[in-house]
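Reviewing the structure listed below.
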Amino acid sequence: MSSLEISSSSFNQETKLPLSPPLVEDSAFEPPGKDINEVEEESKDIIKFTSEQLSVDEVSQLVISPFCGAISLFVGTTRNNFEGKKVISLEYEAYLPMAENEVRKICSDIRQKWPVKHVAVFHRLGLVPVSEASIIIAVSSAHRTASLEAVSYAIDTLKAKVPIWKKEIYEESSSSWKRNKECFWATDD
């Protein structure tokens with residue numbers, strides 16, 4: 001099958017989509033008789049570091065808002081190769097107090113630069129097998145430009161400033177700790 005073909009077997013004709021998104025924690029409640037524009041929804045930043053597998057659906061649901069017409073996502077996954085070596089997994093470590101603080105600063109910077117509603121940054125720690133997500137960033141905004149630019153800023157700034165370390169584990173029983181080329185505290189040898 002070419003990459004342009006769509007397999008009909010991946011669609012279930014009996015699947016019913018919800019008429020409205022499921023409620024999430026801290027979502028706005030619309031009192032009876034009130035216009036949706038009269039109810040203000042509090043903006044939120046959701047930050048999580050976890051050893052559990054990340055879910056794109058879960059993270060994107062957290063940033064849904066009736067005030068927004070755009071949700072932009074970045075999903076970073078483990079690829080199976082690096083410089084000709086076969087990668088079998090990545091391992092992440094972080095200095096959590098500083099990492100959480102730096103991500104909070106990134107969220108604050110985003111809010112100063114773009115009119116966004118919700119920001120979610122989830123990063124996996126520990127072993128992350130090939131094709132699984134290491135990081136998911138989701139941003140909602142009224143229009144796409146703000147959320148797209150905010151997501152790009154978030155991943156670039158996270159890689160440059162947040163103390164997260166990555167070790168690549170190779171098939172030939174070797175491994176190598178990698179620094180992000182964007183990282184401000186690293187120097188060229």
Lys159 side, atom NZ; Lys166 side, atom NZ - distance, nearest 0.5 Å: 5.0 Å
From OG (Ser72) to CD1 (Ile137), nearest 0.5 Å: 11.5 Å
Closest non-hydrogen atom pair, Leu62 against Phe122: CD1-CZ, 3.5 Å
Side-chain heavy atoms of Ser134 within contact of Thr78, under 4.5 Å: yes
Contact check, side chains of Glu168 and Glu83, non-hydrogen atoms, under 4.5 Å: no
Backbone N/O of Leu127 and side chain of Ser89: donor-acceptor pair under 3.5 Å: no
Salt bridge flag under 4.0 Å for residues Glu132 and Arg124: yes
Linked, directly or transitively: Ile155 and Leu148 (ILVMFWY side chains, under 4.5 Å): no
Residue pair Arg104 / Asp45, side-chain heavy-atom distance below 4.5 Å: no
Verdict with reasoning, Val162 to Val103, per side chain to side chain contact (heavy atoms under 4.5 Å, CB included): CA-CA 7 Å; Val162 180; Val103 174; 4.0 Å; yes
Taking every non-hydrogen atom, the tightest pair across Leu73 and Val151: C-CG1, 4.0 Å
Backbone of Ile135 reached by a side-chain donor or acceptor of His123 within 3.5 Å: no
ILVMFWY cluster, Leu90 and Val130 together (side-chain gap under 4.5 Å): no
Rounded distance [0.5 Å steps], SG in Cys107 versus CD in Gln112: 12.0 Å
Derivation and outcome, side chain to side chain contact (heavy atoms under 4.5 Å, CB included), residues Val139 and Phe74: CA-CA 9 Å; Val139 178; Phe74 172 79; over 6 Å; no
Separation between CG of Asn81 and NZ of Lys86, rounded to the nearest 0.5 Å: 10.0 Å
Pairwise side-chain contact, Glu91 with Ile169, heavy-atom cut-off 4.5 Å (strictly under): yes
Ser43 side-chain N/O to Lys117 backbone N/O, donor-acceptor pair under 3.5 Å: yes
Ala94 versus Ala99, closest heavy-atom pair with distance: CB-CB, 4.4 Å
Contact check, side chains of Arg111 and Val119, non-hydrogen atoms, under 4.5 Å: yes
Ser147 side chain to Arg144 backbone, donor-acceptor under 3.5 Å: yes
Side-chain (Ser140) to main-chain (Val63) donor-acceptor, under 3.5 angstrom: yes
Taking every non-hydrogen atom, the tightest pair across Ile71 and Ser60: CD1-O, 4.0 Å
Heavy-atom closest pair, residues Tyr95 and Trp165: N-CZ3, 3.5 Å
Short side-chain to backbone donor-acceptor contact, Ser141 and Pro115, under 3.5 Å: no
Close side-chain approach of Phe49 and Tyr92, heavy atoms under 4.5 Å: no
Distance (rounded to the nearest 0.5 Å) between Lys161 NZ and Asp156 CG: 11.5 Å
Distance, nearest 0.5 Å, that separates CD1 of Ile164 from CD of Glu93: 11.5 Å
Donor-acceptor contact present, side-chain Thr157 to main-chain Ala154, <3.5 Å: no
Side-chain heavy-atom pair Trp114, Thr145 within 4.5 angstrom cut-off: no
Beyond-backbone contact of Ile106 with Tyr153, side-chain heavy atoms, under 4.5 angstrom: yes
